[in-house]
Asker: 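Pasting a structure below so you can have a look.
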Amino acid sequence: MTTLVNTLKVYETQTYLCGLKDIKTTHEENINALYAEHLTLYNGLTYFRIGKDDTLRNMRERYEGFKKLDPLAAKILLFVFDKVQALGTAFSLVKSLHKDEKSQWWV
């Protein structure tokens with residue numbers, strides 16, 4: 001469930017940053033707004049807060065915790081999670097804008 005909600009949050013953030021028509025171009029004023037504060041998406045969910053959000057770091061830590069329960073499943077989860085950071089996805093977009101080392105989620 002957490003992965004689904006976090007993925008939704010990241011992709012909704014990409015839509016907010018880029019608009020619906022051109023997902024390759026970010027809007028500077030929207031980037032600045034997400035650096036400044038948590039903006040409400042809906043039902044208590046917020047957009048990914050660029051620069052400070054620890055949502056994806058916490059998700060990675062949960063995946064790392066699976067290593068004790070099921071090493072193969074954890075390896076697959078972490079492999080996919082790392083891949084989506086490197087491809088042209090919403091995850092790679094928020095990664096490129098994230099500046100806080102304490103909350104970084106990539107290796």
Asker: Using side-chain hydrogen bond (donor to acceptor under 3.5 Å, both in side chains), reason through Gln85 and Trp105 one step at a time and then give a plain yes or no.
Answerer: CA-CA 10 Å; Gln85 310 301 317; Trp105 59 90; 2.5 Å; yes

Asker: Might you work through the side-chain hydrogen bond (donor to acceptor under 3.5 Å, both in side chains) test for Asn6 and Thr3, ending with a clear yes or no?
Answerer: CA-CA 5 Å; Asn6 289 345; Thr3 298; over 6 Å; no

Asker: Does atom NZ of Lys52 have more than 12 heavy-atom neighbours, drawn from other residues, nucleotides or ligands, at distances under 6.0 Å?
Answerer: no

Asker: Rounded to the nearest 0.5 Å, what separates atom NZ in Lys83 from atom CG in Leu78?
Answerer: 14.0 Å

Asker: Is Leu87 reachable from Leu93 through a run of hydrophobic residues whose side-chain heavy atoms are each under 4.5 Å from the next?
Answerer: no

Asker: Which residue in the set Val10, Thr55, Leu45 passes side-chain contact (heavy atoms from CB on, under 4.5 Å) when paired with Val5?
Answerer: Leu45

Asker: Show the nearest heavy-atom pair for residues Ser103 and Arg57, with the distance to one decimal.
Answerer: O-CB, 3.5 Å

Asker: Got a second to check how far Thr46's OG1 is from Glu37's CD, nearest 0.5 Å?
Answerer: 11.0 Å

Asker: Hey, does Phe81 have a side-chain heavy atom less than 4.5 Å from the side chain of Phe91?
Answerer: yes

Asker: Check whether any side-chain heavy atom of Phe48 sits under 4.5 Å from a side-chain heavy atom of Leu56, and report yes or no.
Answerer: yes

Asker: Answer yes when Asp53 and Lys9 have at least one side-chain N-carboxylate O distance shorter than 4.0 Å, and no when they do not.
Answerer: yes

Asker: Going from CD1 on Ile50 to CG on Leu97, what distance comes out if it is rounded to the nearest 0.5 angstrom?
Answerer: 5.0 Å

Asker: Hydrogens and angles aside, do Thr40 and Tyr47 bring a side-chain donor and acceptor to less than 3.5 Å of each other?
Answerer: no

Asker: Tell me if a side-chain donor or acceptor on Arg49 pairs with a main-chain N or O of Ala36 at a distance below 3.5 Å.
Answerer: yes

Asker: State the CG-OG1 distance between Leu41 and Thr13, to the nearest 0.5 angstrom.
Answerer: 7.0 Å

Asker: Salt-bridge test for Asp70 and Lys75: reply yes if a basic N is under 4.0 Å from a carboxylate O, no otherwise.
Answerer: no

Asker: According to a 4.5 Å side-chain heavy-atom criterion applied to Ile, Leu, Val, Met, Phe, Trp and Tyr, with indirect links allowed, do Val84 and Leu4 form part of one hydrophobic cluster?
Answerer: no

Asker: Can you tell me how far apart CD (Gln104) and NZ (Lys95) are? Round to the nearest 0.5 Å.
Answerer: 8.5 Å

Asker: Indicate the atoms forming the closest heavy-atom contact of Thr2 with Arg62, along with that distance.
Answerer: CG2-NH1, 3.2 Å

Asker: Please report the shortest heavy-atom distance between Ala33 and Tyr16, naming the atom on each side.
Answerer: CB-OH, 3.6 Å

Asker: Rounded to the nearest 0.5 Å, what separates atom CZ in Arg60 from atom CG in Leu77?
Answerer: 10.5 Å

